[in-house]
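Just follow the structure's listing: the first ligand is 1, and inside any ligand the first atom is 1. Numbers here are sequence positions counted from 1.
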Amino acid sequence: MFEKTITELSAALRAGEFSSVELTQAYLDRIKQFDGDLNSYITVDAEGALATAAEADKRIQAGETGPLIGIPIAQKDIFCTDGVKTSCGSRMLDNFIAPYDATVITRMKQAGMVMLGKTNMDEFAMGSSNETSWYGPVKNPWDLERVPGGSSGGSAASVAARLAVASTGTDTGGSIRQPAALCGITGLKPTYGRISRFGMIAFASSLDQAGTMTRSAEDSALLLQAMAGFDPADSTSADEPVPDYSATLNDDLTGLKIGLPKEYFGEGLDPEMEKTINAAVDEYKKMGAEVVEISLPNTHLAVPTYYVVAPAECSSNLSRFDGVRFGHRCEDPKDLEDLYKRSRGEGFGDEVKRRILMGAYVLSAGYYDAYYLQAQKIRHLISDDFTRAFKEVDVIMGPTTPDAPFKLGEKASDPVSMYLSDIYTIAVNLAGLPGVSIPVEPVNGLPAGLQIIGNYFAEAKLLNVAHRYQQQTDWHRAIPEGYDV
Ligand code: GLN
C-alpha cells in the first residue's frame, strides 16, 4: 500500500481492499519505525488521525467519491491547526496551539484527508537545509549524512521515505522546489495568490506561497485541486477560476516551446547536474518539444534582492512574537522592555535573528532608499525578464539546485553559500510565478531535480509537462535504500 498513488489508494479504499483506518495505522507504524532517524515529523497526531480516518471510512461507505477521502497527509508545521501544536520549527512557538485551522487545512479536512502530523522545517521557514529547526535537523533518506533541503525538509523527507502519501509545503524562495529536488520528489509552488495564506504563519508575505509535495504530478493535481481558489480571508488570494488540473495531464506536448535560460547553465552549476538536466530536456525533445535558448539577464541580482525584501518583510511579520500575546515568554521579567528582549532573545534562533536585524536595517530611515527601495525596483526588472521570456516560450526549464544534497553542517556556518543554494528558485518567487521540481536521473546516486517554470496561473500546463515526463521515465518511483516497501 506504500507504493500506491493517491488515485490507486482511493480506488482501493472504495473497493474495500483496506479501510482508511488500516491505511492510516500502517503509515503511523511506519513513522514509528523510521522517523527516529529521519526526524521528519515534529508532531504525530495518531489519535486525531485515526478518528478522522474512521469518519472517512463512513463517508466512503455512504457512497462519497472524492479522490482524497481517507488519504493520509503530512502538513508542514507552518499551517495553523486547531488543537494540534503549530511550532513553525521554533522554540518561540513550542507551546502554541492555534485556536483555528488555516484555510489549507480546512479545505483538506473538507476533502476528507487524514492528517498524520506536522512536519519538521527550518525555523520560521528560513533556511535551505532544515538545520535551523529548534527540533533538530531532518536527515535525507537517500543518505542520512546529508540534508533534505529546506525549509520544507520534513515534508520532503516524509514523502520520499513513504512516511506520508503526500505533504504540504510553503515556498518563499525555493522551500518547496529545493527540498523536493534534494529528496527526489515532485514539488509544486503555484502562482502567488493561487492558494490562500490565511492561517499560514507569515515569513515574507509578498513571496510566501503554499503548495504540494508528492511523488508524482498526478498526485499533485489532486491536492492542488483541493487547495486552490479564492479565500475572502486572504486579501491577496486570487479570484481566478480553478481549472480541472487532472483533465489536461495527458495533453500532447508536440510543439511545446521550452526556454533554457543561459544564466541557469553557467558558472556554479555542477557539470554532472548539467548533464542530467540536459538528458531530461532531451526526453522532451523526443516528445516533440522545441528548445530555444533564452536570457534572463537579471538572474544574478535575484539572491541579493531577495535578501533585502524577505528580511524586511520578516522583521515586520515577526514583531508580533513579543512574549505578550502568544509564544515563548521569559521567566520573571523586570519590566516590559526586559520581557520583549528576553522573550525574543530566548525564543528565536540565530538565523531568524540575523534576518530580523538585516530587515530592520534595510527599512530604517537613511537606508530605506539605498536598500529596500532599490530592491523593489530590481524586483520589477526580474519580473520583466520573465514577462519577456514568456512572449517567446511556453515553459522555462533548468536545474532546481546547483548541486546534489550537501552534507549536514557543510554550509551551516556560511550563510552566503547556504543562500546561494536557492539561486535558481528565488527569482520565481520575486516574480510571483509558478514552478515545479520533478526528479530526474540522480547525480552520483543522489536525487536531482528539473525545475519547470510557467507563466502566471499556468499550473495545469506545468503539471501536464511534468506528468508526460513521468509517463516516459521512472525516476519519480525510486525509493531510497532501506525504505523499501
Ligand atoms: N532558503 C530561502 C530562505 O532561507 C527560502 C526559504 C523559503 O522558501 N521559505 O529564505
Side-chain angles (χ1 to χ4, degrees), residues 76-79 88-90 119-133 137-138 147-156 167-183 187-190 192 195 197 200-213 302-315 317-318 348-359 362 375 379 400-403 405-406 410-437 449 451 453:
K76 185 174 181 179
D77 207 17
I78 197 168
F79 293 102
C88 221
S90 181
T119 56
N120 203 344
M121 54 181 284
D122 277 303
E123 186 177 10
F124 285 101
M126 298 171 198
S128 309
S129 68
N130 224 116
E131 291 167 297
T132 73
S133 169
V138 176
V147 304
S151 64
S152 313
S155 291
S167 63
T168 51
T170 60
D171 192 312
T172 304
S175 279
I176 289 176
R177 291 158 289 155
Q178 187 255 18
L182 301 194
C183 287
L188 171 75
K189 171 222 145 5
Y192 180 77
I195 295 174
R197 290 187 297 112
M200 188 175 112
I201 295 174
F203 162 12
S205 309
S206 77
L207 300 159
D208 298 342
Q209 175 60 207
T212 67
M213 304 188 75
V303 172
T305 303
Y306 174 90
Y307 280 98
V308 173
V309 174
E313 293 186 23
C314 110
S315 78
N317 273 325
L318 269 59
F348 292 136
D350 288 348
E351 185 59 29
V352 172
K353 286 178 189 160
R354 176 160 34 233
R355 306 281 179 110
I356 292 173
L357 289 175
M358 281 198 282
V362 300
R379 185 174 182 178
T400 307
T401 61
D403 34 37
F406 45 93
E410 192 180 317
K411 300 189 181 183
S413 55
D414 181 356
V416 174
S417 91
M418 184 74 85
Y419 296 171
L420 286 172
S421 67
D422 297 315
I423 189 151
Y424 305 127
T425 50
I426 272 181
V428 175
N429 299 74
L430 289 168
L433 291 164
V436 65
S437 177
Q451 181 175 214
I453 304 165

Any nitrogen or oxygen of Phe203 lying under 3.5 Å from a nitrogen or oxygen in ligand 1? Just yes or no. no
We want to know whether Asp122 and Ser133 form a side-chain donor-acceptor pair, criterion being a heavy-atom distance below 3.5 angstrom. no
Ser151, portion touching ligand 1 at heavy-atom distance under 4.0 Å: side chain
Do side-chain atoms of Glu123 reach the backbone of Glu351 as a donor and acceptor pair under 3.5 angstrom? no
Backbone, side chain, both or neither: what part of Arg355 comes under 4.0 angstrom of ligand 1, heavy atoms only? side chain
Any donor-acceptor pair under 3.5 Å linking the side chain of Ser152 with the backbone of Thr170? yes
Which ligand 1 atoms does Ala125 reach within 4.0 Å, using its non-hydrogen atoms? 6 (C), 7 (C), 9 (N)
Please confirm whether Gly127 comes under 4.0 Å of ligand 1, counting heavy atoms of the residue only. yes
For the residue pair Lys411 and Phe406, would you count it as a cation-pi contact if the rule is NZ or CZ under 6.0 angstrom from the ring centre and within 45 degrees of the ring axis? yes
Between Tyr307 and ligand 1, find which residue part has any heavy-atom pair under 4.0 Å and reply side chain, backbone, both or neither. side chain
Checking the N or O distance criterion of under 3.5 Å, is ligand 1 in contact with Thr170? no
Value rounded to 0.5 Å, distance of CG in Asp171 from NZ in Lys76: 8.0 Å
Classify the contact between Tyr306 and ligand 1 as side chain, backbone, both or neither, using a heavy-atom distance cut-off of under 4.0 Å. side chain
Thr172 and ligand 1 - part of the residue with a heavy-atom distance under 4.0 Å: both
Are Ser206 and Glu313 close enough that a side-chain donor and a side-chain acceptor fall under 3.5 Å? yes
Donor + acceptor pair across side chains of Thr119, Asp77 (<3.5 Å): no
For atom 2 (C) of ligand 1, which protein heavy atom lies nearest, and how many Å away is it? Asp422 OD2, 3.1 Å
First locate atom OH of Tyr306, then atom CG of Asn429, and finally report the distance between them rounded to the nearest 0.5 Å. 7.0 Å
Considering only the protein, which heavy-atom contact is closest to atom 6 (C) of ligand 1, and what is its distance? Ser175 OG, 2.9 Å
Does any N or O atom in Met126 lie less than 3.5 angstrom from one in ligand 1, N or O only? no
